[in-house]
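Below is one structure, written out as structure tokens; comments come after it.
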Amino acid sequence: MDVQMAVFHCADGFLKQLMVTKLSQCQYALPLLVPDPFTQQIEFPLWTFRQINKSWKIRNTYYETISRIHPIYKAETPMVFFFRFGSVSSSKSQLMNSLINEKHNTFFHRNCPGSSRTRVLMDGVVEIAWFCPSGSNDDKFTDCVAFCNLHGDAGDHEKQLEILTEMASVNVVLLKQLQKNDMYAEKIKNLYGNRKSFICLFTEEESALSKMKKGKFKIGLKDRNQAEVSKDLQRAINDCLSESSSTFRLEDVSKHSDIRVDEEDDEDCRRGREAAEQMMSLLEKKDLTEIKESVLPHQGKLWHQWSQKNKQLHRPRAYETEMDISRKQTEMKKIREQQHESDISEFMTLFIKELNIHPENKMYFLKWLEIFLSSSDIFFPRKYDKSEQLKAEQTDFERVSKEFQAAAFGLEHIMREIGQIYESCSSVKKNKKNVQFDFSFLPSLAAEMMISGFPLELMDGDAAHVPVVWISAVLDELIQKLGDQRVFVLSVLGLQSSGKSTMLNAMFGLQFAVSAGRCTRGAFMQLVKVSDEMKTQMKFDYILVVDTEGLRALELAGRSTRHHDNELATFVIGLGNLTLINIFGENPSEMQDILQIVVQAFLRMKKVRLNPRCVFVHQNVSDITAGEKNMEGKKRLLEKLDEMTKLAAKDEVYDAECFNDVIRFDVQNDVKYFAHLWEGNPPMAPPNPKYCENIQELKKIVMSHASKSHELMLKDLKDRIKDLWEALLNERFVFSFRNSQEISAYRKLETKYSKWSWSLRSFMIETENKLHNKIENKEIHEVEETDLQRELMKTSEEVEKSMSAFFEKDTDADIIIQWKTSFEMKIKEIQENIVRESKRKLNEILQQRDLKKMIDAQKTLHENTLFEKSKKLALKLKDKTTDEQTLKKEFDLFWKHSVKKIIRDTHPIKDIDIMRDVKHFLSDIYESAPVGHWMESKDIFSVPNYTQYVLFKKEFKESVINSSGYTQTLSPEDKIRTFITDVVQQTDKMIQSFNISKMGYNISRVQQLIDYIKRRVTEHQEGSVEYEFKNEFFMNLVLSICSRAEQMITDQHKMFRDANDPEIYVEKKRAEYYIIFKKYCHRATSAAIFGEIICQKLKEPIEQSVYKKTAKDLTDEIMKNCQSLNGNRSNLEKHILKTLAEEEDFDKYMKYIDNLKDHFKSFIRDEVSQYISDKFSVSVLPKMKKNIELLQKKIMKAAHESTEHVQVNRGDVGLWLKNFTQKLSDELIFSEKDLIGVKRDDIDDFNLLEDVIRQKLPAIISDISSRFNTETFPVKLDYKFRPDELLFEHLCQCCWVQCPFCKATCTNTIEDHDGDHSVPFHRSIGLSGIHYDNTFNLSTHICTSAMGNSTLYFYPIGSENKVLWRDYRRAGGVFADWSITPDLSDLPYWKWFVCRFQEGLEKYYSKTFEGQGKIPDEWKKYSKQDAIESLDDYS
């Protein structure tokens, strides 16, 4: 006891209160008057009693049982005060225990285990305990009686004696015997003469109970049986109490002077009480049933109406259209507006103000408010016994239930009101009128309360609804205050009144309501901080405990149903990492009820790939020590679980034979048997010590599960709550569940995958460039895959390490591990593809190098001829004149004649007209094509649909969607569009492979293209399709593809012409030859002239190398820094949609919808162009200068090393040149063949040659650098080396499959990805031209909102069997590969688009948005800004 008192003296007010509350729950005596160990001033710890309630039952004169529950500080009961004078042989405390509960040591005494006779801190302490009758015939006392016990000699503690003897109904004194000269005689005489009842217990006398006069008794204790003494004492006290009318009230103790009351002494406690009392004063004189309506208006009818409307919205009736959905949403907004218009009551204003202005008093204020609210019977009516409930008629019961529900008023209702104030303000996006605070700070209050240990309502039990906006905001604030912490979610499920909350409170010291007058309604969550020591074992920072209302509860409104129970079970099981399934007693029918619900919930989790675990807690088992019985019980439980699994599997259409098919379950370790909570019969029964041991064992099991559980961050918890609730609202949970955490983790993995694949691709581009140079330099003559794989090995290993680290260490490692194997295979596959593609490209270059030998030879011949002739002329003139003007005149005359001869002897390269050639070939194929067809041909990529191009084979049933007698047609255009996309992709590759910039244009290339397209069209229509193409399709496809490629082919041909047409390229050499000509005239040495020639020859290769290297570096930078291009496919799509909205160009939108891949390419090109323009001076130009400087250094290093090599090996100029070109072969397309024909036999001064290059090269570099600008950058690069082409090739290796309904394109970053196709937002199916049958009315149905409709159906193409829209997967084919979950999000973007471009869409499809397809007015309220902002949710 001294240890207990030492802790008590050292504790703050809250810990003292917790200690006393727990002591009371365990039926131990409580400190009432406590002397200060230093000053001996007496303290009355009234604050510590404030949370204690006592319940008891009494019988009235009609023998009816009446239940009572009171806060103990308010209860008025008789009080019996025990004290002693001197030292006595009998234990006073032990005697008192025999009166209260002979089986339990309510008062700790000398004979208790661990006790000692010496006392340090207990002397002078007065303890109090209460006897609470159960209403049975064997109760020792018929009413609640308080017993006070003064420790130590009463003679030494006069103040305590004075106070208690005055307040007591009966005083009981223990002493040896009474003698006249005894020091206590006078005090005994006064007590005997007092009107108060008085009982003397003499330890040295043997007399039985004797009544000396009315209310005065004496009893001898010596050599007497303890039971007899107890019976005598009980009889005497009952006699005294029957004669006495005095009562004791705990609060009245504080009225005595010279004692310190803890509440009054603590300033924070006093202020908190004053604030709480001020709030409570506002509730006075209010009608019981009207209090909540007037004080908490936001959570009443309006909130319930909104909740009901929301459920109706997610569970549509038959034949609902988008107009109906929009109407419901409008009604919900109006309800929110009405909520927003409701004034915040003075009560709520004071509450918010107090928490905001006086945060230092927060804990005391909230505690006081809880105490005051829970202390009044008007707020929390008692819970009737089942027997009493059944006496009432059901209608009366429901009426009374509603009144009780209206009267219930606690801190949770206040927080619910704050939540609804926040949600209403958030909905209308403005603050309340005439309030001093901004609504956005309200979640911060709730977050602070959660951190302080208060539970927060997760599911409103009255409305049976989760306020998702409010909960999300509170969790966001928690993240702000704590960081995104790791949480382990522990849920509990069980029947009503099965001890769930008691178990959680005992395990974690929580504050879930457990009193007899209150049952948990809905679900509450409470944070428990994990100690630093435990964090290392558990991998979590917090445990989030979720307590729920009981399953199968009749509850206040009497409306709980199986559906509600299934909903609640699914919600909390899905939320929890671990769920404790609490089974109370051994009733088989009750056990079956809960098992059926639980198994079905776990089965649903299995189907949506959530993997929670469970532990069964079997409470109130009669004999938990019987091992055999436990084994038998576990066996029966597992059999019952397996049986329930088979039943649930039929309901959920799932193949499961046993419970272990659903979750990992170890019947030996995941089933825990609990002892009875109470030892004996309440209300006086103490807790069973075995129960506490069971709690500790269960806690170890929970910790063990936590250490093996997947990490869940607070952000993920927020998403999980939203996902689960959205899915439950849609009723069809499995088909509606959208796992945001998994989606977010997958998107993150996609972004990583993009970076990994780019690392491989980037390195291979660099390798390609080097090998390209070597091929052109004739350094290599074949390329093998093994060579390329060897080059890629180091980068490949780095990517593998990065992947391993990511899969092991990422915060979502437990989620992404499921994709590890498939992504490793994808990376391996992409590596093989990159190698294969590089080999193909390089081999094409090898082939083309051989094919253009003649072109190169002719070009070299022309250059050498000009060189030799100019040299001869120079040597002829060198002795005659050195005048610059004369030399220039002579050279110009020579050049003119020489070039004229070259042009005369060669064919000039002409401009081309691709479309003319295409039409020529098509005319040969279709001679009967009308004359005007070429003028009328349409761009096949932008037609609304392809039905105009097809003829259906035999009998073919068009795909229709039917709703309430209306039909909507779907053409087979998805197949055609996919076919066109693939043909375009392949023809693009063909055109690239032609390498026109190097090989030139040849009309036979057009023939190749047309033949390929013809073959593909024939193969397609001969396949398993229900249609044939008209001739116009093939013609328009060819024309559209060639028209699309025309600019690129023309540009490439121009590059070829500029490089190979004698008239053009020879003219470009004029200045270069003139410089060399002058050198010869001025008698320069052969080494100096040769150095000049080398520098001039290097000019073009340097320029090409710098542009290619910069393009590659720039692509790397864009991949890192450009927001639209540095993430996954979804990120790219989001930026495309934002740009489209900003530009408001309808044609671009339709290109995006009909031909997304082309639009992607255009967008990437525009983004790159913009990036180059914006960053040219700060990024592009510095890169180019850096690259050219590096190249200059490499050239000079190569020249120097070649000079050294020749000097060491005594070689000639041929050796020097060979060494020089080999050292640069990785960097430049420059080889010995470029100097064939240049005579150099007389060169022997290699130091001079090196010096000339060193002197002349800077001027060449400077000249190239001077031409760097935004215009030359793309022009100087071949298409295949441009950043936009490199990025397109990388970013567009993704999925292009379109939704079969609305044509939204799957946003998966990987082309042949595993799993279903999906898209963050679907859109109106009218955007793909779907309209109601027999009308010209476009449909406004949105895929995801229509998924909830139970009557909307369609006919898959070529089938006569209709399929419900919500069961779309049954249609097979492309339908089966899509995941389309019900979603009633606002989708402002596409609704704005439909309204903004209504006229354009109607004209495009030659149909209207009228009749059933009328655009809801609600859609027209969205602005462009709303549309753009909504894209932030695109993930």
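All values reported here derive from a predicted model rather than from experimental measurement.
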From CD (Glu322) to CZ (Phe1409), nearest 0.5 Å: 11.5 Å
Asp982 vs Arg1016, salt bridge (Lys or Arg N to Asp or Glu O under 4.0 Å): CA-CA, chis, key distance, verdict: CA-CA 10 Å; Asp982 188 57; Arg1016 288 294 305 274; 2.7 Å; yes
Neighbour count above 12 (heavy atom, 6.0 Å) for Lys1157 NZ: yes
Donor-acceptor pair between Arg604 and Thr570 side chains, under 3.5 angstrom: yes
Distance in Å, Asp1158 CG paired with Cys1292 SG, rounded so as to fall on 0.5 Å steps: 10.0 Å
Enclosure of Lys722 NZ (heavy-atom neighbours >12, cutoff 6.0 Å): no
Main-chain N/O of Cys1295 paired with Glu1311 side-chain donor or acceptor, under 3.5 Å: no
Distance-only polar pair, side chains of Ser424 and Gln339, donor-acceptor under 3.5 Å: no
4.5 Å side-chain heavy-atom contact, Asn1337 and His1331: no
Cation over ring face, Lys1161 and Phe1288, 6.0 Å, 45°: yes
Gap separating the NE2 atom of His1317 from the CZ atom of Phe1375, nearest 0.5 angstrom: 12.5 Å
Residues forming a side chain to side chain donor-acceptor pair (under 3.5 Å) with Asp476, sequence neighbours excluded: Lys718
Within residues 1394-1414 or reaching into it, pairs that qualify as salt bridge (Lys or Arg N to Asp or Glu O under 4.0 Å) - sequence neighbours excluded: Glu1144-Arg1396
Asn1308 and Ser1318, any side-chain heavy atoms less than 4.5 Å apart: no
Trp819 six-ring face occupied by Arg747 cation (under 6.0 Å, within 45°): no
Donor-acceptor contact present, side-chain Ser1324 to main-chain Ser1339, <3.5 Å: yes
Gln986, CD atom: more than 12 neighbouring heavy atoms under 6.0 Å: yes
Short side-chain donor-acceptor distance under 3.5 Å, Ser1124 and Glu1167: yes
Stacked cation flag Arg336 on Trp306, 6.0 angstrom / 45 deg: yes
4.5 Å side-chain heavy-atom contact, Lys1391 and Ile1342: yes
Under 3.5 Å: donor-acceptor pair, side chain of His1135, backbone of Asn1131: yes
Ser754 vs Thr751, side-chain contact (heavy atoms from CB on, under 4.5 Å): CA-CA, chis, key distance, verdict: CA-CA 5 Å; Ser754 181; Thr751 303; 5.6 Å; no
Derivation and outcome, side-chain contact (heavy atoms from CB on, under 4.5 Å), residues Cys1306 and Trp1296: CA-CA 6 Å; Cys1306 174; Trp1296 296 101; over 6 Å; no
Taking every non-hydrogen atom, the tightest pair across Thr1307 and Glu1133: CG2-OE1, 3.7 Å
Check: Met1150 main-chain N/O paired with Tyr1404 side-chain donor or acceptor under 3.5 Å: no
Validation row, ring centre Trp1378 to ring centre Phe1301 under 6.0 Å: no
Side-chain touch Cys1299/Cys1302, heavy atoms, less than 4.5 angstrom: yes
Which residues share a ring-ring contact (aromatic ring centres under 6.0 Å, His included) with Phe1393, sequence neighbours left out: Tyr1149, Trp1390, Phe1397
Reported CD-to-CG distance for the pair Gln1170 and Asp1166, which is rounded to 0.5 angstrom: 8.5 Å
Evaluation steps, salt bridge (Lys or Arg N to Asp or Glu O under 4.0 Å), between Arg720 and Asp716: CA-CA 6 Å; Arg720 179 72 58 82; Asp716 302 327; over 6 Å; no
From Lys334, Lys328, Arg327, residue fulfilling salt bridge (Lys or Arg N to Asp or Glu O under 4.0 Å) relative to Glu331: Arg327
Atom of Leu1401, atom of Leu1338 and distance for their closest heavy-atom approach: O-CD1, 4.4 Å
Residues Arg1044, Asp988; criterion salt bridge (Lys or Arg N to Asp or Glu O under 4.0 Å); working and verdict: CA-CA 10 Å; Arg1044 184 170 170 270; Asp988 277 352; 3.2 Å; yes
Exercise: do Tyr746 and Asn1128 side chains pair donor with acceptor under 3.5 Å: no
Counterpart residues, ring-ring contact (aromatic ring centres under 6.0 Å, His included), relative to Trp470 (two or more places apart): Tyr422
N/O donor-acceptor pair under 3.5 Å between Ser1040 side chain and Ile940 backbone: yes
Contact check, side chains of Leu951 and Tyr1027, non-hydrogen atoms, under 4.5 Å: no
Heavy-atom side-chain proximity of Arg1323 to Leu1387 below 4.5 angstrom: no
Ser1430 side chain vs Ala1427 backbone, donor-acceptor pair below 3.5 Å: yes
Gln1298 (side chain) donor-acceptor with Ala1304 (main chain) under 3.5 angstrom: no
Residues that Tyr949 engages under ring-ring contact (aromatic ring centres under 6.0 Å, His included), provided they are two or more places apart: Phe1033
Partners passing side chain to side chain donor-acceptor pair (under 3.5 Å) against Lys1148 (at least two apart in sequence or in another chain): Glu1143
Flag for Asn310-His465: side-chain donor and acceptor within less than 3.5 Å: yes
Intermediate values then yes/no, salt bridge (Lys or Arg N to Asp or Glu O under 4.0 Å), Asp1377 and Arg1369: CA-CA 7 Å; Asp1377 297 333; Arg1369 286 183 188 266; over 6 Å; no
Ring geometry between Phe979 and His1020 (parallel below 30°, tilted from 30 to 60°, perpendicular above 60°): parallel
